[in-house]
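Quick caveat, the model's predicted, so the values are computed rather than measured. Every chain is numbered from 1 and lettered A, B, ... according to where its sequence line falls, protein lines coming before strand lines.
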Amino acid sequence: MASFKPTKVYTYPKLGEKVTEDTLYWKNYKAPVQIKEFGAVTKIEFSPVAPHNYVVTASTRIQVYRPQSQEPVQSFTRFRDTAYGGSFRGDGKLVVAGSEEGLIRLFDVGGRVALRQFRGHSKAVHVTSFLSDGYRVVSGSDDLSCRMWDVASGTQLSSYTEHTDYVRAGAASRLNPDLYITGSYDHTVKLFDMRVGGSVMTMQHGHPVESVLLYPSEALLVSAGGRYVKVWDLLKGGQQLVSLKNHHKTVTCACLSTTDNKLLTGSLDRHVKVYNSSYKVVHNFDYATSILSLAVAPDDEVMAVGMTNGVLSVRQKKHTNDKQEVLTKRRRTPAYRVFKGKNYIPKQDDFLVSKPVKQHLQKYDRQLKSFQVSKALDSALETWRRFHNPEVTVAVMIELNRRGTLKNALSGRDEQSLTMLLNFLIKHVTDPRFSRILLMVSDMIIDLYHDVAPQSSIVERLFQRLLELLGREAELQQELLQVLGILDTLFASLAPRQEVSGPAAPPIMLGSQQQAA
Amino acid sequence: MVEQSGVRVVRCGGNKINFRAPIITKDCRFLICGSGDSVKVFSTSTEECVHVLEGHTDQVTGVALNPANHLQVYSCSADGTVRLWDFIDGILIKTFIFGYPILSLYVSEKHAGVIFVIVAMENQNKGENFQLLALHLPKVPDQEVEAKDMFAVLCDISPNPGSTAFGQGGEYIASALGLRLNVYFFRKQKTYRFSLKATDKKGAKNAFTCVACHPKDDCIATGHEDGKIRLWRNFNQKKEYTYSTQHWHHNAVSSLCFTPEGMHLLSGGVESVLVQWHCEEVNKKDFLPRLGGAISHIAVSSDGQMYCTSHSDNKINIIHCSFKLSAVIQGLVKGNIWTDLVIDSRTKALVMNGRPGHLQFYSLQQDKQLYSLDIVQQEYIYEEGLDQFEVMKAVFDVRGNWLATVEERGRDSDLEFALKLWGFNESAQSLELNTTITAAHQDRITSMCFSPSTETTMLVTAAKDGQFKVWLLGTDSETQKEQASWSCDFVGSYHGLQPTNCCFSSDGSLLAVSFEEVVTVWSSDTWGLLTTLCQPPGPIRELCFGRLSCSKYLLATTPKNLLCWNLLTCSLEWSTPMDVHLLRSDPLSDIIAAFCLHSKSSNLFVFRPSEPRPLFTQKAVCEGKVQRCVFAPRAEPLDSCDERFQWLNRSRLYYLTEKMELLSFSTQTEDERILKSRKQLLVDDSVAVTPFYLLLGKHRRQQEEEDKLNFMTNKVSERTQHPQASVAVKELLHTPAHVLPAASFLCSMFVNSLLISNTESREEKQPSEKDEDSDKEEDDSEEEMETGDGQQEIRTQGSVEEAPPKLSKAEEKELRRVRKTDFSWVTSLSSS
């Protein structure tokens with residue numbers, strides 16, 4: 001005696017993005033925590049030492065957050081005008097920041113008052129950074145100059161005015177305390193060597209440079225500006241490696257993840273994109289507004305994104321043990337039921353009588369098993385199932401059709417359930433996966449109810465909507481077929497004269513078009 | 001008919017076992033049913049076929065236990081004989097020659113020496129008309145008796161055996177035909193007729209379909225075409241009869257049966273649900289659903305411990321009375337065959353359509369269904385006129401790792417079909433679904449084939465939408481490495497013509513696709529069109545490449561010609577005007593078999609594409625068209641020296657006729673070999689056939705054979721050596737301990753082997769002669785038969801005693817010592 005075979009629910013191939021390891025990795029973040037700042041968040045930087053606090057530059061404040069808490073642990077508010085480019089020293093004890101007024105301030109992480117103030121720039125300073133020895137600070141300013149300052153004395157060591165436009169990006173080498181890279185709105189990226197006393201390498205980015213970034217090996221340099229992200233090989237004398245154009249607005253920031261050195265870029269188009277080592281986009285984060293700044297904590301524990309509307313969005317990484325805790329908590333309650341008698345180990349002489357395993361069936365399957373077709377359709381149309389698993393609802397409809405009882409199941413419905421059914425049809429009838437059976441269902445419903453439809457205004461309106469929808473869909477399909485025909489002729493004329501036809505569109509697509517047409 | 005050629009057409013099993021109701025023996029150990037020309041005895045516990053009772057020359061139409069002796073069974077056949085068998089030993093006891101085709105057989109305890117048969121009425125011109133005859137079986141000691149003493153009991157009855165039944169204690173007989181129920185009382189010799197109106201008010205179909213009588217009560221249950229069951233009472237008078245109606249079945253009730261105590265009534269129909277009605281509580285019913293095909297017969301053992309149902313899909317279910325399925329006997333399902341006959345290279349089984357939505361794997365050697373693979377994986381609804389998915393195509397790849405199936409539902413406008421690919425799972429040792437492609441093409445798939453090349457797994461499907469597609473097994477991303485799935489690799493078409501056939505060359509480098517009248521040849525590496533072949537014109541029916549030495553040839557059939565192209569020169573090598581409708585190449589050799597229809601019978605031609613003359617021809621291999629054919633590789637190749645039969649050495653050709661008979665060709669040497677093996681396979685029937693039994697039985701048989709050999713060859717008069725002993729000891733020492741039989745069994749054997757037997761061949765020859773005599777004697781009377789078993793035992797004992805061993809003194813002393821030693825532990829062992 002064979003057991004009842006449950007309704008086969010087809011799993012349809014997911015169109016679009018494929019699930020890869022990267023998407024799984026980058027999806028493994030909790031829901032973002034939104035922190036409201038006083039103005040646009042222009043710079044975020046993580047401290048290189050544990051516990052990896054991060055400094056956020058927004059409006060006239062510079063604030064230091066702990067990765068876990070949402071309240072700032074430290075806040076520097078002594079700016080008269082907008083602050084820019086707050087960044088940590090290598091030991092995480094000092095913070096340097098420029099400002100709109102041209103003043104550069106140096107803070108102790110513990111204190112409130114500025115330890116040093118470097119004066120000299122005549123215009124706003126957007127970029128400040130410690131060199132890797134920790135005794136010197138570099139800055140880039142809108143007055144076209146880059147200057148180096150001595151931390152101990154607070155005096156200016158040198159000044160270079162090689163750029164011909166605002167200097168808006170900079171990065172100091174971590175391996176060599178004398179190397180320093182700036183990016184400017186004059187479309188160039190320059191590598192300065194303090195020992196030489198000037199730039200040693202110039203790379204043409206082609207667009208105003210918003211951000212520069214060095215790989216930890218310091219052989220590769222990333223520059224972002226305009227819609228382009230470019231990667232340069234410094235060891236080959238600044239040869240361009242790749243040019244990426246994945247954003248459709250200006251790329252404002254770039255950073256590297258610590259695992260595998262994945263490149264992340266944020267843009268005014270509200271997306272953060274993640275690239276793999278061959279510079280293919282492997283993941284995409286969407287944000288509410290344009291992104292100005294982006295930083296990832298060491299070990300990718302935290303991802304912080306600053307936006308133009310002053311919102312700082314912080315995502316924490318999910319940990320597997322968190323999940324397990326939740327699961328174990330859940331499991332504990334029904335344990336007495338699950339393990340009742342199951343942990344009993346039979347002794348040697350015991351005669352074991354095995355209980356037949358009861359087949360678990362879904363509600364609609366139980367009803368189908370006892371030939372209650374209308375009820376089975378009802379339970380397949382339950383709200384939750386209808387919205388979350390429309391393929392199950394459709395599978396039950398297919399099964400009813402196969403049994404030849406679809407008409408019976410559809411007939412004799414009241415206004416409410418008919419409305420539900422029609423709404424479901426309107427939502428899904430154009431879905432190529434479902435259209436075949438749903439068109440059949442709509443035909444049957446129209447056959448069954450067209451006499452009584454005018455009695456209910458709601459049903460009549462829904463019928464109207466269905467009609468319009470199908471009309472529009474038919475037009476659309478016609479146009480698509482026309483385009484397909486045009487393309488076919490183009491391909492045919494392009495290809496060399498051969499009897500082989502080119503690879504056609506995927507079969508499912510073609511099938512659905514035919515059905516809909 | 002074809003004796004001069006030495007090749008014989010043989011039927012290859014797969015007979016219907018569901019033609020008539022089976023019976024269960026009194027001790028519930030065996031199930032007996034008619035199967036084609038023979039009666040088969042199955043063990044109810046192990047499902048093995050214990051005996052095949054062969055003797056009838058036409059379809060067996062009924063079996064019934066002898067009411068006088070429950071170890072004997074009557075069988076009747078369309079050849080006009082009734083035979084009495086001993087089913088324990090598988091011996092034909094008696095043959096009663098009646099002379100007219102018998103349709104059914106009934107026995108009753110009250111009517112000793114009489115059996116009742118249904119025959120077609122004599123001298124009737126208009127239509128079929130049947131009568132029930134009582135046949136007196138003459139008590140003559142002859143083995144073949146003409147039974148001429150008969151009288152008609154009921155005239156004008158239904159030929160269906162289920163619509164006639166004996167009542168309580170054989171006092172009356174009830175028979176139904178159309179809308180009339182006839183009850184004949186033997187004592188009064190009177191027939192009462194009850195009839196129903198043609199249609200009720202509700203338009204129910206009232207025609208009777210089957211009848212059953214209560215064994216302890218005056219009650220008749222009748223089944224009707226609309227699914228109703230009526231229980232008739234008080235029918236021993238014309239007027240005041242009553243009936244009550246029960247309705248559960250939604251379609252005709254095909255079989256009814258009361259349990260022996262009359263507590264329950266069993267009914268079944270096309271729904272394949274066994275319904276058990278409680279006679280005391282009318283509304284209580286038990287159900288046993290999804291048993292298989294439509295239930296055609298229900299039978300109950302005489303102690304009510306076991307039920308059995310036979311189904312339309314050639315299956316018998318044995319059900320314990322607690323309503324649990326205990327055993328299934330499954331024959332070859334012969335419904336509609338849409339798929340080609342395919343050989344699974346792993347199991348060497350023949351694969352074809354089985355139960356609806358399934359593929360059956362049928363072992364040709366064992367005449368047994370190995371298993372059934374569920375392709376459609378949907379609940380089958382037992383309802384007439386419902387269009388459900390059916391497997392239309394099935395193809396295996398060369399190594400049996402992949403199976404591709406196509407299932408279809410609906411007609412042209414609302415055609416639904418799915419292409420499924422099944423991979424062989426090594427750990428589970430079964431085929432598992434890998435990929436389902438729901439819209440592989442836009443129209444029906446006409447042909448598909450796997451590439452025989454070992455490097456790639458590739459499938460080509462050709463469909464009516466004018467395209468052929470190439471499917472490749474591949475992994476598309478890193479995360480799904482273990483789960484390789486199939487995807488489309490190439491789509492080809494040729495001037496919008498419909499492809500009809502596709503075929504790969506034996507090395508897989510070329511693909512030939514026939515588009516209506518044109519054959520196109522493609523390279524499987526680049527998917528470039530290499531050449532087209534279209535001379536002489538005609539729609540291509542079949543396409544096939546030559547193998548091995550003839551792999552350069554491509555063969556095709558059109559309604560008029562058989563064509564052969566040489567692919568090296570791309571020209572027509574030869575063609576013959578023949579209407580070949582089936583062309584199949586042998587995968588193991590270079591020969592090709594072609595069937596063609598000639599004057600309503602099929603002719604077979606076996607040829608090599610390179611040679612102009614056919615190797616072998618046989619005319620009239622069967623009536624009508626040959627539906628399908630396949631070459632099945634042999635387990636061990638024959639070594640026939642005759643050139644004409646060499647094509648049968650490597651593989652065997654099976655073919656399916658219009659009447660769904662599975663036929664094959666057999667040579668003389670092969671027949672002899674089979675006969676030999678059959679003798680070897682004879683087993684002791686008193687023990688149920690279990691694997692353990694087979695192990696023991698094999699041992700015992702070996703011994704017996706060796707003994708026999710020694711008797712036959714009179715060369716050795718006295719033996720100093722005891723080969724038998726050494727064999728036993730050797731076996732004891734060399735068999736792994738876990739497969740050794742019980743020590744109690746071995747002990748006696750071991751001790752026996754130590755004894756010195758000096759039996760003389762002359763003395764031992766006597767029992768074998770005696771055997772022959774006793775065979776004749778056994779048929780003399782039934783009483784002797786019963787004691788037959790005992791006699792045999794005595795005889796065997798006697799043979800031992802007849803040879804008194806002459807022992808030396810020392811040996812005698814030793815023997816005495818052995819006798820004295822305490823062997824009580826052996827008995828304790830054996831009793832445990």
Side-chain angles (χ1 to χ4, degrees), chain A residues 1-14 17-25 276 282 356 361 365 368-371 373 395 398-405 432-433 435-437 439-440 443 496-515, chain B residues 250 272-274 288-292 317 319 323-325 328 355 357 372 374 376-381 383 385-389 409-410 414 416 418 436-442 465-467 469 476-480 485 487-496 520 522 526-529 532:
Chain A
M1 186 182 67
S3 55
F4 180 82
K5 289 171 201 156
T7 308
K8 184 111 184 133
V9 179
Y10 284 102
T11 48
Y12 294 95
K14 275 186 187 156
E17 274 185 55
K18 273 175 193 148
V19 178
T20 59
E21 277 175 29
D22 290 299
T23 41
L24 291 176
Y25 181 83
N276 64 6
V282 291
L361 290 176
D365 271 335
L368 280 175
K369 191 181 172 187
S370 51
F371 295 89
V373 287
I398 291 172
E399 174 68 15
L400 288 172
N401 180 44
R402 186 181 72 90
R403 290 173 173 227
T405 48
R433 300 175 297 171
S435 58
R436 187 187 171 109
I437 179 75
L439 281 172
M440 204 183 286
D443 274 350
R497 264 196 65 80
Q498 260 187 350
E499 300 293 358
V500 188
S501 75
I508 293 172
M509 289 272 291
L510 281 173
S512 66
Q513 282 161 9
Q514 273 224 333
Q515 287 152 24
Chain B
H250 70 71
S272 189
V273 181
L274 181 65
L288 197 59
R290 288 181 286 281
L291 288 168
N317 280 322
I319 296 157
F323 248 49
K324 269 183 197 153
L325 197 64
V328 179
R355 280 153 57 198
S372 183
D374 188 0
V376 172
Q377 297 185 326
Q378 270 177 340
E379 181 74 5
Y380 187 77
I381 310 296
E383 195 179 307
L386 198 61
D387 189 15
Q388 306 198 53
F389 275 105
R409 191 184 91 93
D414 54 347
E416 288 175 60
T436 308
I437 303 160
T438 43
H441 284 272
Q442 285 167 48
D465 60 355
Q467 289 176 329
K469 290 188 181 180
D476 38 26
S477 70
E478 314 93 67
T479 48
Q480 296 165 328
S485 61
S487 51
C488 187
D489 183 54
F490 175 75
V491 182
S493 61
Y494 184 79
H495 290 298
T520 56
W522 307 71
T526 58
W527 293 119
L529 180 64
T532 56

Indicate whether the side chain of B/Arg409 and that of B/Gln388 have a donor and an acceptor atom separated by less than 3.5 Å. no
Where does B/Thr436 contact chain A at under 4.5 Å (heavy atoms): side chain, backbone, both or neither? side chain
Does any backbone or side-chain atom of B/Asp374 lie under 4.5 Å from a heavy atom of chain A? Answer side chain, backbone, both or neither. side chain
Contacting moiety of A/Asn401, where chain B heavy atoms sit under 4.5 Å: both
Looking at B/Glu379 and B/Arg290, does any basic side-chain N land under 4.0 Å from a carboxylate oxygen? yes
Short side-chain to backbone donor-acceptor contact, B/Lys469 and B/Ala440, under 3.5 Å: yes
In a check of side chain to side chain contact (heavy atoms under 4.5 Å, CB included) between A/Leu400 and each of A/Thr7, A/Ile437, A/Leu368, which one passes? A/Leu368
